[in-house]
Amino acid sequence: MDQDLPTRGNDRQIPQPIVLTSHPGNSSSAPRPVLWGAGDQKSRGPVIATPRSAGRNAIGAHSGSYSLYRALAVAAGQLDADHKPDLTNTAPAEPIGPFPQWADGGKIVSLDPWGHVPGGFAEDIAAGADVRPSIAVTKAHINMPEIGDAIRAGRLKADGEILAPNGDIRVTKIAIEPVWQLEGVARRFGIRETELRRHLFEHTGGMFPELVTRPDLKIFLPPIGGTTVYLFGDPRKLGRKETIIACRVHDECNGSDVFGSDICTCRPYLAHGVEVCVQTAQEGGVGAVVYNRKEGRALGEVTKFLVYNARKRQEGGDRADAYFQRTECVAGVQDMRFQELMPDVLHWLGISRIDRLVSMSNMKYAPIVASGIEVVERIPIPDELIPADARVEMDAKKAAGYFTDQVPDSAELGIAKGRGLDA
Ligand SMILES: [Zn+2]
């Protein structure tokens, strides 16, 4: 029983009585109105998610899935529940926007275009609102061995500005937490907002009752991973018609991206995207690598590894004609990435044309084009960069409509090309 436990937690911080946020009459102050898609920051209004903050107008909590760790830190007595961040010197290292797309309520529905400049809501902050950033913009040097290889092979040349002789690349990097405007997200999927709210409520174990009880709260900070953008070249050139833009939209694959696992083409394609972005920046354009936390087609890594086993153990070995089927057996679907929301970040960056899209995926190309962004050229991964074990994935994707002039036939797809589990 509770009484027998040693007191080391943060019981003293539990306010009495518990404040339920699920009904309008119970909140301490009226939600601050938000005019999503308004032309300027002040009329748009701030997103306020902190419990007990004046004007709270968003369901959920800041920091995406990390909000659960914050709750643990408070519970363990290591964090003051009322801690307000000191944001001195945290402002963006490069300015981003505003761009005309920010004032089109339908172009951006899954992030807060003003999320990096909370200081613009000074009046609300002075009135007691806890307005926190959902976007941070900083600068870095990155270094990937593949870029060193590209320099040695003569495909890239160091310029001392964007690319150093040792392979260091100067970038602007941007972390973005998801902020969903529920009405806009529902519209994107062609469903009713009430329907979306009901399913989000039910399939998260009833985690956010306000989804169904507070239709007046239109914004939801979902407990999911966000997006990181790496920009190559001068970000101030974004939003100008004449700027040549290269772009790789990449969905997280920890096994390949970080650890070099050879069952897929993720890291080789990512590195190729960085190479094209560096080239474009050196030619005076801007490159953007958009890295989305959507591990294993947003099915998660446990599902992904289960599928690997099923693929490698099935009769006939790991082959392309059963590639998607094995995923569907385990997960019920082939993919849950919902690329419909993906172009939002491109609009946030002021991009209206991508000159070099480093992707063969129609699942990415189609929503980008449907959102009104022109795509001039699609750049495939060079064949020599595809690992042998990843041929299964590549053949399956080509057969399923990947952008290619070499669609494999059914005989080709039936050949086991992947290693067995014990090889
Ligand atoms: Zn992968």
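Excluded from the calculations below are hydrogen atoms, water molecules and symmetry mates; all remaining heavy atoms, backbone and side chain alike, are included. For ligands, and for the atoms within them, numbers begin at 1 and follow the listed sequence.
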(request) Mind running side chain to side chain donor-acceptor pair (under 3.5 Å) on His62 and Ser67 for me, showing each step along the way? (result) CA-CA 6 Å; His62 280 291; Ser67 59; over 6 Å; no
(request) Fit a plane to each ring of His203 and His199, take the angle between them on a 0 to 90° scale, and name the class: parallel (under 30°), tilted (30 to 60°) or perpendicular (over 60°). (result) parallel
(request) For residues Phe208 and Phe220, establish whether the separation of their ring centroids is below 6.0 Å. (result) yes
(request) May I ask you to check whether Asp104 and His347 show a side-chain donor-acceptor distance below 3.5 Å? (result) no
(message) Inside 2.8 Å of the Zn ion (ligand 1) but strictly below it, how many protein N/O/S atoms are present?
(response) 3
(request) Can you establish whether the number of heavy atoms outside Glu384 located under 6.0 Å from its atom CD is more than 12? (result) yes
(request) Using the ring of Tyr323 (Phe, Tyr or Trp, six-membered ring only), decide whether Arg311 places NZ or CZ under 6.0 Å from its centre and within 45 degrees of its axis. (result) no
